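First comes the structure, then the notes that go with it.
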Amino acid sequence: SNPARLAAAGIPFALTTFGLKEKNKFWENLRKAVENGLTEEQALKALTYEPASLVRAYDRVGSLEKGKTASFVVCTGSLFQKDGKIQQTW
């Protein structure tokens with residue numbers, strides 16, 4: 001519920017694996033945040049736009065725009081739901 005509270009308060013935050021002891025639990029934890037009130041749009045923003053902005057790199061990364069370095073995934077369903085599966089990364 002903490003990420004949802006931060007988003008509701010308008011406080012910028014990034015969701016990363018930094019400092020996570022069990023990095024294989026990242027997706028599980030992210031899905032819990034969505035289950036506890038964080039919208040999928042807010043979650044995506046916390047994975048892309050916010051980290052890039054916080055390190056002042058949004059002019060180079062953080063979104064799919066011409067001239068930026070980017071990666072994207074193709075998945076079945078939503079990445080924020082347990083049944084969502086990554087099919088490809090580019």
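The model shown is predicted, which means the values in this text are computed figures rather than measured ones. Computed over heavy atoms, backbone and side chain alike; hydrogens, waters and symmetry mates excluded.
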Donor-acceptor pair, distance only, cut-off 3.5 Å: does the side chain of Arg31 make one with the backbone of Leu79?
yes

Output for pair (Lys23 NZ, Thr16 OG1), nearest 0.5 Å, gives 8.0 Å

Here the gap from Lys45 atom NZ to Glu40 atom CD, rounded to the nearest 0.5 Å, amounts to 16.0 Å

*ILVMFWY network linking Leu6 to Val55, side-chain heavy atoms under 4.5 angstrom*: no

Minimal heavy-atom distance between Gly62 and Ala52, with the atoms involved, is CA-CB, 3.7 Å

Tightest non-hydrogen contact, residues Leu15 and Pro3, listed as CD2-CG, 4.4 Å

### Query
Can you tell if the side chain of Phe72 reaches within under 4.5 Å of the side chain of Leu64, non-hydrogen atoms only?
yes

Next on the checklist: Is the shortest side-chain heavy-atom distance between Thr76 and Asp83 below 4.5 Å?
Outcome noted: no

Heavy atoms of Leu38 and Ala7 approach each other most closely as CD1-CB, 4.0 Å

Do Ile11 and Leu47 share a hydrophobic cluster, counting only Ile, Leu, Val, Met, Phe, Trp and Tyr and linking them when any side-chain heavy atoms are less than 4.5 Å apart?
yes

**OP:** Would you check if the side chain of Gln42 reaches a backbone N or O of Thr39 as a donor-acceptor pair within less than 3.5 Å?
**Re:** yes

Leu44 and Thr48 have their tightest heavy-atom pair at O-OG1, 2.7 Å

Report yes if some heavy atom in the side chain of Ser63 is under 4.5 Å from a heavy atom in the side chain of Tyr58; otherwise report no. yes

Practice prompt. Report yes if some heavy atom in the side chain of Leu20 is under 4.5 Å from a heavy atom in the side chain of Phe18; otherwise report no.
Written response: no

For this session: Following the transitive rule for hydrophobic clusters with a side-chain heavy-atom cut-off under 4.5 Å over Ile, Leu, Val, Met, Phe, Trp and Tyr, establish whether Leu30 and Leu54 coincide in one cluster.
Result: no

Separation between CD (Glu28) and CD (Glu22), nearest 0.5 Å, reads 9.0 Å

*asked:* Angle between ring planes, Phe80 versus Trp27, binned at 30° and 60°: parallel, tilted or perpendicular?
replied: tilted

The reported gap from NZ in Lys25 to OG1 in Thr17 (rounded to nearest 0.5 angstrom) is 15.0 Å

Heavy atoms from other residues, nucleotides or ligands near NZ of Lys68 exceed 12 (cutoff 6.0 Å): yes

